[in-house]
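Here's the structure we're looking at; comments come further down.
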Amino acid sequence: MNDWFQSQVFSIGILGGGRGGNGLFQFFRASSVARICFVVDPNPSAPAIVAAREAGIPVFTDDDVALSHQLPDFLFDSTGDAELEARVKHRIMGSATRFITPITSRMMVQVIEENATRVREEVSGIVTQIKQELGSSLDGSRGLVQRINQIMGSMQMLALNASIEAAKAGVHGRGFAVVADHMGKSVENVRKVTQEIDAVNANILQVSQQVDAVLGKLH
């Protein structure tokens, strides 16, 4: 049954282009098993009409003209207009079109909106946590690099002073000069590591900025 359902593409007609109709439009627009064949609303500026027009989906101001264009598998009424409902039901009588009442349509929209809100809140919470952890990692890493650089600066001064003293000591200071040289090389190697850490920090900062962008889209 599930495989059969997934293999079908159902045609959808939407009556009403206001908030309810637009909610239905956005939901079915993202569906892989539904194809919106038209949206009807006498107001050409209604949200769902504008969205459908931009998406290249047929729009109509008259329901009879729309149904003459195509009888969909499902016809969703979001208007709550009793006269429209009676007229449309009479128009599709005997056809395979299933009429979905305004109450059912509104319930669907409400469920869709509630689920979307909950998903946004959950995703927002996860993304915020990631941002906080990235921020803590970045602050800790920066502090560590700063302390390492301070220590390396002191070691570099010691190595320089040791080299000077070794030179003064002449032959007797050769062993000390070797130690000073190795100390200087170690300082240089550590500095390279801190540069690599700085590069990682830059990547963390970039990810953090991308997280900010995601949060901005969710709110």
Side-chain angles (χ1 to χ4, degrees), residues 1-128 130 209-219:
M1 180 65 176
N2 187 47
D3 291 340
W4 172 85
F5 182 81
Q6 291 181 350
S7 67
Q8 305 300 303
V9 177
F10 300 97
S11 57
I12 303 293
I14 299 174
L15 301 177
R19 179 171 175 270
N22 193 46
L24 289 167
F25 177 84
Q26 298 302 332
F27 176 75
F28 287 116
R29 179 68 174 150
S31 172
S32 61
V33 297
R35 177 182 60 83
I36 302 174
C37 55
F38 62 74
V39 179
V40 181
D41 196 290
N43 178 9
S45 299
I49 291 291
V50 173
R53 189 183 298 118
E54 291 176 351
I57 294 172
V59 297
F60 300 92
T61 57
D62 184 272
D63 54 272
D64 192 57
V65 175
L67 293 171
S68 297
H69 168 73
Q70 181 178 349
L71 286 177
D73 295 314
F74 294 92
L75 184 60
F76 286 83
D77 179 14
S78 66
T79 67
D81 186 330
E83 183 179 339
L84 172 65
E85 180 179 346
R87 184 173 67 250
V88 169
K89 281 183 175 179
H90 183 268
R91 175 71 172 74
I92 64 175
M93 188 179 297
S95 72
T97 300
R98 290 83 159 176
F99 183 85
I100 310 301
T101 65
I103 293 176
T104 304
S105 295
R106 282 196 295 271
M107 182 182 69
M108 281 189 60
V109 171
Q110 185 174 349
V111 169
I112 292 165
E113 291 179 346
E114 288 175 354
N115 283 330
T117 299
R118 187 174 71 252
V119 169
R120 279 197 300 270
E121 290 174 350
E122 290 177 355
V123 171
S124 179
I126 293 171
V127 173
T128 299
I130 292 172
Q209 291 170 343
Q210 291 172 345
V211 169
D212 280 334
V214 172
L215 281 173
K217 292 179 180 178
L218 289 173
H219 294 303

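What you see is a predicted model; the values in this text were computed from it and never measured.
Residues Phe60 and Ile49 approach most closely at O-CD1, 4.2 Å, considering heavy atoms. Counting all heavy atoms, side chain and backbone alike, Gly16 lies closest to Val39 at O-CG1, 4.3 Å. For the pair Pro72 and Thr97, the tightest heavy-atom approach, listed with the atom from each and the gap, is O-OG1, 2.6 Å. Closest approach of Ala46 and Gly17 over heavy atoms only: CB-O, 3.4 Å. Nearest heavy atoms, Gly80 versus Asp77: N-OD1, 4.1 Å. Closest heavy-atom contact between Val40 and Ala66: CG2-CB, 3.3 Å.
Here the side chains of Asp73 and Ser11 are in contact, with some heavy-atom distance below 4.5 Å. Side chains of Arg53 and Pro44 form a contact here, defined as non-hydrogen atoms less than 4.5 Å apart. Between Leu75 and Val88, some side-chain heavy-atom pair lies under the 4.5 Å cut-off.
Rounding to the nearest 0.5 Å gives a distance of 11.0 Å between CG of Leu84 and NZ of Lys89. With values rounded to the nearest 0.5 angstrom, Phe99 atom CZ is found 13.5 Å from Phe74 atom CZ. To the nearest 0.5 Å, the span separating CZ on Phe27 from CD1 on Ile12 amounts to 9.5 Å. Here CZ of Phe10 is found 15.0 Å from CD1 of Ile36. Values are rounded to the nearest 0.5 Å. We find the OG1-CD1 distance between Thr79 and Ile14 to be 12.5 Å, quoted to the nearest 0.5 Å.
Judged by distance alone, with hydrogens and angles left aside, the side-chain atoms of Arg98 form a donor-acceptor pair with the main-chain N or O of Ala96 at under 3.5 Å. Ser78 contributes a side-chain N or O that, together with a main-chain N or O of Leu15, makes up a donor-acceptor pair within less than 3.5 Å.
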Next on the checklist: Between Phe38 and Leu67, does the side chain to side chain contact (heavy atoms under 4.5 Å, CB included) criterion hold? Intermediate values first, please.
Outcome noted: CA-CA 9 Å; Phe38 62 74; Leu67 293 171; 4.0 Å; yes
Next on the checklist: Let's go through Arg29 and Ile57 carefully: what are the C-alpha distance in whole Å and the side-chain angles of both, what is the deciding distance for side chain to side chain contact (heavy atoms under 4.5 Å, CB included) to 0.1 Å, and is it a yes or a no?
Outcome noted: CA-CA 10 Å; Arg29 179 68 174 150; Ile57 294 172; 3.8 Å; yes
